[in-house]
Amino acid sequence: MTDGPTDTPARPMERPLERPVERYDFAAAEPRWQAAWEQGALFAAPDVPDGTKPKYYVLEMFPYPSGKIHMGHVRNYTLGDVVARYKRARGHAVMHPMGWDAFGLPAENAARERGTHPAAWTYANIAAMRAELKSMGLSLDWSREFATCDPEYYGKQQALFLDFLQAGLVERRKSWVNWDPVDGTVLANEQVIDGKGWRSGAPVEKRELSQWFLAITKFAPDLLAALDTLDRWPERVRTMQANWIGRSEGARVRFPLAAPVDGVTEAEVFTTRPDTLFGMSFLAVAAEHPLAAAAAARDPAAAAFVAECRSQGTSEAAIEQAEKKGFDTGFRVAHPFLEGATFPVWIANFVLMEYGTGALFGCPAHDQRDLDFARKYGLPVPPVVLPPGEDPASFAIGRTPWTGDGTLYNSAFLDGLDTAAAKRAAIDALEARGLGQGVVNWRLRDWGVSRQRYWGCPIPVIHCEACGTVPVPKDQLPVLLPEDVDFSVPGNPLDHHPSWKHVACPSCGAPARRETDTCDTFVDSSWYFARFCAPRAEAPITPEAADAWLPVDQYIGGIEHAILHLLYARFFTRALSTMGQVRTPEPFAGLFTQGMVQHASYKAPDNRWLAPDEVEVAADGSAVEKGTGIPLTVSRNDKMSKSKRNTVDPGAIISRYGADTARWFILADNPPDRDMEWSESGVAGAHRFVQRLWRLAATLDQKGAATPGGRAGDGDARPLMQATHRTIAAVTAALEGFAFNVAVARLHEFANAIEGSNAPLEARREAVSVMARLVAPMMPHLAEELLSILRPGTTDLVAGMPWPEADPALLAAETMTIAVQVLGKLRATLSLPVGTPEDAVLAAAEAEENVQRAIAGKPIRKRIHVPGRIVNFVV
RNA sequence: GCGGGUGUGGCGGAACGGUAGACGCGACGGACUCAAAAUCCGUUUCCGGCAACGGAGUGUCGGUUCGAGCCCGACCACCCGCACCA
């Protein structure tokens with residue numbers, strides 16, 4: 001024995017505690033109750049509910065198996081579990097499943113860095129996180145668990161991909177894509193945040209590649225219109241989606257080229273202002289536009305300009321600073337209405353190839369950006385819309401364009417029309433001449449799902465010289481990922497694999513090449529909620545099960561998925577619905593977006609970040625480093641992050657305080673849609689309440705406040721019964737409204753009421769039994785413990801008990817408190833029996849000394865009486 | 001620029017148009033302890049007052065109302081989303 005002291009130093013005399021203070025042993029109790037629930041299979045749901053109870057599908061966004069759960073997970077799954085347990089108690093058939101969003105880049109990075117296989121890394125993480133989630137005591141149906149990287153899951157996804165292909169909802173085409181140079185893969189538009197890759201943070205480049213696209217744009221009108229039906233979604237998520245889908249009405253206009261260039265005979269633009277066509281000054285195309293390419297082929301200066309545009313940053317800062325730059329190609333286009341007039345074609349760095357047609361007509365008099373451009377290059381600025389009240393002879397455009405409505409002039413057949421009428425007339429004229437038509441343009445782009453990665457769902461397609469792209473026959477699914485892969489070289493390991501991609505063409509048998517792109521992982525999470533309904537079935541989705549359970553009644557997750565995941569899942573469900581695989585067009589009837597869990601962060605003068613346990617926090621909130629006493633800069637409400645070292649490990653919290661304490665604090669602190677601050681003192685406070693409730697039950701027969709002159713526990717039961725039933729009503733209302741912090745407050749009050757009550761033992765026992773059922777959704781283990789104290793030897797579980805019903809007879813009070821105001825100012829409060837007639841209430845109010853003083857002898861002009869609430873005298 | 005949201009004690013936050021600050025955290029005072037921990041009791045929006053009580057008070061200014069944190073109008077601050085979108 002060399003480690004540790006071999007003897008203990010002499011200690012001062014210790015006196016044994018006369019009466020050891022008993023405390024709730026959550027560390028023993030929590031696993032015991034988790035085992036009891038599991039044994040009773042209390043949370044298992046059938047694939048197809050028998051219809052005797054209304055169904056309720058509660059789902060939290062499934063986690064990425066990064067290795068450990070974090071506080072955001074604890075909050076997310078606690079919120080979902082409260083809903084699940086509450087709805088179960090209210091008599092619903094509840095489905096509450098859990099799985100793993102398990103494909104993705106971190107597994108490959110781990111493989112590169114440490115040589116572990118992505119599958120091994122992922123499944124080890126899942127095992128660790130499953131154990132952590134189980135320690136939280138969540139009422140999950142674990143029998144439905146799957147990971148998206150299971151061949152049983154991604155094989156079904158491949159079958160769905162083939163269905164999409166057959167339905168014409170998948171296309172392969174060459175296009176300009178967002179390329180993330182760090183992750184070495186393509187990104188969808190939604191995954192480019194502020195010009196940078198959503199995961200890597202690297203500035204995104206433009207590349208032209210052949211890609212697989214899902215036709216989300218076919219559903220753009222439906223996806224937009226149906227937002228109005230999602231009345232249980234947060235307003236801001238709906239607006240964000242509406243903005244993202246981005247509908248705008250206008251026209252497509254074709255401008256014939258004065259002389260065809262490389263076979264190109266016209267340039268088509270999209271405009272929302274066809275009324276201003278007579279104010280045209282130039283035509284501008286994107287650097288990626290065919291006309292720009294034609295110019296570049298002819299003129300090295302044009303080629304240089306195109307190259308410059310392509311390297312231009314797309315970040316907000318870069319755009320802000322970037323000048324409006326252009327290059328005159330020398331090409332000219334004819335005007336659709338002005339006979340003989342032609343306009344120059346410019347390449348401009350502000351024209352986006354991805355929006356509209358990649359070309360626009362410039363009308364500087366009525367558009368700020370066009371005006372800046374025209375002023376810079378000395379192009380004409382002809383006004384065509386006269387603002388209300390302006391004189392056509394004197395109206396001129398200075399530094400700001402007129403972008404509002406007005407009366408058309410200088411515009412031939414549009415003269416005298418207002419903006420709205422002119423738009424219609426211009427579109428009619430374009431359509432009559434075959435030079436354009438009214439269209440609705442969408443900002444939403446098709447969803448490019450090809451990713452040049454290993455750890456994803458292989459796209460089940462084979463490329464054959466003779467037959468083109470051939471779908472893998474369904475009876476050959478799943479297309480399994482090869483296990484022997486080499487991560488030592490950059491790029492897509494599937495591409496490097498010596499044999500995997502070489503296959504025979506399923507159609508002609510000739511040697512062919514397997515598609516080596518894998519699916520964007522957002523595909524995996526676009527239908528998992530449907531798979532949960534029948535997770536082991538042969539078909540990807542089982543209509544009887546999916547139609548019985550979908551839509552998800554309550555979906556809960558972070559606001560960061562407001563666009564990406566939620567839009568993709570809506571699209572998938574709509575597509576599946578048109579293919580007859582599910583009935584519902586919308587996946588999530590109710591959506592709740594939770595706030596982030598934050599924590600104070602501590603920074604030393606030498607820029608070191610300190611973890612919370614390295615810090616001494618004073619009462620005034622200031623902090624110093626433990627040991628050294630170096631003063632620290634404290635920043636409240638910082639997002640938890642490893643770099644700032646302000647993360648709190650849920651595992652440590654649960655082993656120190658128990659799962660119930662963590663759950664209770666996270667619910668109690670603030671409304672769940674707001675960001676919350678994790679604080680050590682707050683957790684400790686929550687734990688005090690856990691212990692207090694336990695003590696309340698454990699010492700029930702010893703307690704009971706004595707009334708003056710009476711004995712403990714010999715008082716009237718009715719006040720406590722009333723408090724009990726008022727609490728039932730209040731907590732029920734709070735839980736229904738996601739006001740969990742209010743529910744917590746009401747339960748605190750209830751605990752105060754029980755402790756202060758001198759009701760007989762039986763009444764207090766009944767109150768604690770109601771308490772057990774009311775706290776159960778939030779602190780399920782403690783609830784079971786309370787019941788077992790009240791009813792020793794019982795095998796009943798609170799988790800299987802119905803929600804208590806408030807008795808209306810006990811909600812009614814015998815006395816009411818009336819506030820008495822004079823001129824709207826509170827002067828007295830009256831306590832009167834319920835049912836006191838109005839004249840008696842008014843008389844009592846007027847008789848109050850303070851009221852008399854405030855009235856000061858003036859005549860009362862008006863007496864307002866709101867029964868049971870208030871009296872207001874107007875003098 | 002466009003769209004959405006939020007402003008209440010030292011802090012998190014309560015409040016069908018009807019007693020603003022429930023409940024908790026923190027702080028302060030006290031009890032129990034040799035001492036501590038744990039627990040219990042009390043105080044805690046600000047100003048004046050020993051008190052009863054009075055005055056002020058929910059970002060600012062105005063309006064509606066017997067009565068406004070809540071409804072309406074204008075503004076200010078902060079947060080979030082989108083954006084050379086034609």
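Chain A is the first sequence line, chain B the second, and so forth, proteins listed ahead of strands; every chain is numbered from 1. Only a predicted model underlies this, so the values are computations on that prediction, with no experimental measurement involved. Below, all heavy atoms of this structure are taken into account, side chains as well, without hydrogens, waters or symmetry copies.
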How far does the C1' atom of B:U58 sit from the matching atom of B:C70, given to the nearest Å?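 It works out to 10 Å between them.
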Strictly under 3.5 Å: I want the nitrogen or oxygen pairs between protein and nucleotides 7-11 of chain B, one per line.
from, atom 1, to, atom 2, distance (Å)
B:C11, O2', A:R636, NH2, 3.2

Map every base of RNA chain B to its dot-bracket character, where paired means a Watson-Crick or G-U wobble contact with both distances under 3.5 Å and | marks a partner outside the strand. (((((((..(((.....[....)))((((((.......))))))((((....))))..(((((..]....))))))))))))....
Base, sugar-phosphate alone, or nothing: which one does A:G246 contact when heavy atoms must sit under 4.0 Å apart?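 Since no nucleic acid heavy atom lies under 4.0 Å of A:G246, the category is nothing.
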Span that lies between the C1' atom of B:C61 and that of B:G55, in whole angstrom: 22 Å
Does A:E308 come within less than 4.0 Å of A:K325, counting only side-chain N to carboxylate O? yes
Tabulated below should be each protein N or O lying under 3.5 Å from an N or O of nucleotides 45-50 of chain B; please produce it.
none

If we only count heavy atoms from C-beta on, is the A:F873 to A:L823 side-chain gap below 4.5 Å? no
If you count heavy atoms of other groups shown closer than 6.0 angstrom to CZ of A:R443, is the number above 12?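 Correct, the count exceeds 12.
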Taking any heavy-atom pair under 4.0 Å as a contact, classify A:R236: base, sugar-phosphate, or nothing. sugar-phosphate
Closest to the side chain of A:N752, out of B:G24, B:A14, B:G3, is B:G24
Contacts under 3.5 Å, N or O only, protein and nucleotides 18-22 of chain B:
from, atom 1, to, atom 2, distance (Å)
B:A22, O2', A:E749, OE2, 2.7
B:A22, N3, A:R746, NH2, 3.1

Angle class for the A:Y24/A:F26 ring planes (parallel below 30°, perpendicular above 60°, tilted otherwise)?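 Taking A:F26 first and then A:Y24, their aromatic rings stand perpendicular (interplane angle over 60°).
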For the C1' atoms, the ones on B:A83 and on B:G3, what distance do you get once it is rounded to whole angstrom? 11 Å
Kindly point out which of B:G55, B:G13, B:C84 is positioned nearest to the side chain of A:R827? B:G55
Using whole Å, report how far CE of A:M596 lies from P of B:G5. 20 Å
Are A:F350 and A:L360 close enough that some pair of their side-chain heavy atoms sits under 4.5 Å apart?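 Yes, at least one pair of side-chain atoms sits under 4.5 Å.
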Does B:G73 sit syn or anti, given that only angles within 90° of 0 count as syn?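 Anti, angle beyond 90° from zero.
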Evaluate whether atom NZ of A:K376 has more than 12 neighbouring non-hydrogen atoms of other residues, nucleotides or ligands under 6.0 angstrom away. yes
Report the distance from atom CE of A:M353 to atom C1' of B:C84, rounded to the nearest whole Å. 16 Å
Taking atom types as modelled, find out whether A:T217 and A:D446 have a side-chain donor-acceptor pair closer than 3.5 angstrom.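 Their side chains do contain a donor-acceptor pair, which is all the 3.5 Å distance test asks for.
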A:F592 vs A:W233, test: ring-ring contact (aromatic ring centres under 6.0 Å, His included). Steps then yes/no. CA-CA 7 Å; A:F592 190 88; A:W233 279 43; over 10 Å; no
Would you indicate whether A:Q368, at its atom CD, is surrounded by more than 12 heavy atoms from other residues, nucleotides or ligands within a distance under 6.0 Å? yes
So which one's nearest nucleotide on RNA chain B is more toward 5', A:D669 or A:K825? A:D669
With side-chain hydrogen bond (donor to acceptor under 3.5 Å, both in side chains) as the test, would you mind laying out the steps for A:Q594 and A:R674 before giving the verdict? CA-CA 7 Å; A:Q594 91 213 37; A:R674 296 198 203 165; over 6 Å; no
Distance, rounded to the nearest Å, where A:L693 contributes CG and B:G24 contributes C1': 14 Å
Integer-rounded Å distance: B:G3 C1' and A:Q241 CD: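 Answer to the nearest Å: 15 Å.
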So what does A:N441 hit on the nucleic acid, given a heavy-atom distance under 4.0 Å: a base, only sugar-phosphate, or nothing?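 Since no nucleic acid heavy atom lies under 4.0 Å of A:N441, the category is nothing.
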Spacing of A:I559 atom CD1 relative to B:G4 atom P, expressed in whole Å: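 Going from CD1 in A:I559 over to P in B:G4 covers 15 Å.
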Give me, pair by pair, the N or O atoms of the protein and of nucleotides 63-65 of chain B that are less than 3.5 Å apart, along with how far apart they are.
none

Once you measure the plane-to-plane angle for A:F740 and A:F738, does it fall in the parallel (<30°), tilted (30-60°) or perpendicular (>60°) bin?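 Aromatic pair A:F740/A:F738 classed tilted.
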Given A:E846 and A:R863, is the salt bridge (Lys or Arg N to Asp or Glu O under 4.0 Å) satisfied, shown in steps? CA-CA 10 Å; A:E846 206 173 327; A:R863 293 173 171 84; 3.3 Å; yes
Using the C1' atom as the reference point in each nucleotide, state the distance between B:U45 and B:G73 in Å, no decimals.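 These two C1' atoms come out 30 Å apart once rounded.
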Closest to side chain of A:S248, choosing from B:A86, B:C84, B:C25: B:A86
Please state how far atom CE in A:M771 lies from atom C1' in B:C23, giving the value in whole angstrom units.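 From A:M771 CE to B:C23 C1': 13 Å.
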Residue A:N670, side-chain atoms from C-beta onward, closest of B:C40, B:G12, B:A38: B:G12
Candidates B:G3, B:A86, B:C53 - which lies nearest the side chain of A:R853: B:C53
Rounded to whole angstroms, how far apart are CZ on A:R443 and P on B:C2?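 Between P of B:C2 and CZ of A:R443: 17 Å.
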What nucleotide, of B:G4, B:C40, B:G12, holds the atom closest to the side chain of A:E235? B:G4
Once rounded to the nearest 0.5 Å, what's the spacing between atom CG of A:N872 and atom CD1 of A:I860?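 Taking CG in A:N872 and CD1 in A:I860, the distance rounds to 10.5 Å.
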Kindly assign one of parallel, tilted or perpendicular to the pair A:Y355 and A:F270, based on the angle between their ring planes and the thresholds 30° and 60°.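 Ring orientation, 0 to 90° scale: perpendicular.
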Looking across every strand, which nucleic acid part, if any, lies under 4.0 Å from A:V744 by heavy atom: base, sugar-phosphate, or nothing? nothing
Residue A:W244, side-chain heavy atoms: nucleotide from B:C82, B:C53, B:G26 that is nearest: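 In terms of side-chain proximity for A:W244, the closest of B:C82, B:C53, B:G26 is B:C82.
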Parallel, tilted or perpendicular: which fits the ring planes of A:F361 and A:F255, with parallel below 30° and perpendicular above 60°? tilted
Distance in angstrom units between A:H687 NE2 and B:U39 C1', rounded: 14 Å
NA contact type, A:R688, heavy-atom cut-off 4.0 Å: base, sugar-phosphate, or nothing?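 Sugar-phosphate contact only - A:R688 comes under 4.0 Å of backbone atoms but never of a base.
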Could you tell me which residues satisfy ring pair (Phe, Tyr, Trp, His ring centres under 6.0 Å) with A:Y657, sequence neighbours excluded, listed by chain and number?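 A:H687.
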RNA chain B: A:H748 or A:R369, which has the more 5' nearest nucleotide? A:H748
Work out how far the C1' atom of B:A20 is from that of B:U39, and round it to whole angstrom. 33 Å
Could you give the distance separating B:G12 and B:C66 at their P atoms, to the nearest angstrom? 36 Å
Could you please spell out the steps behind the ring-ring contact (aromatic ring centres under 6.0 Å, His included) verdict for A:Y377 and A:F282? CA-CA 11 Å; A:Y377 291 105; A:F282 58 91; 9.0 Å; no
C1' gap between B:G54 and B:C32, integer Å: 40 Å
Provide the distance between the two C1' atoms, one in B:G9 and one in B:U43, to the nearest whole Å. 15 Å
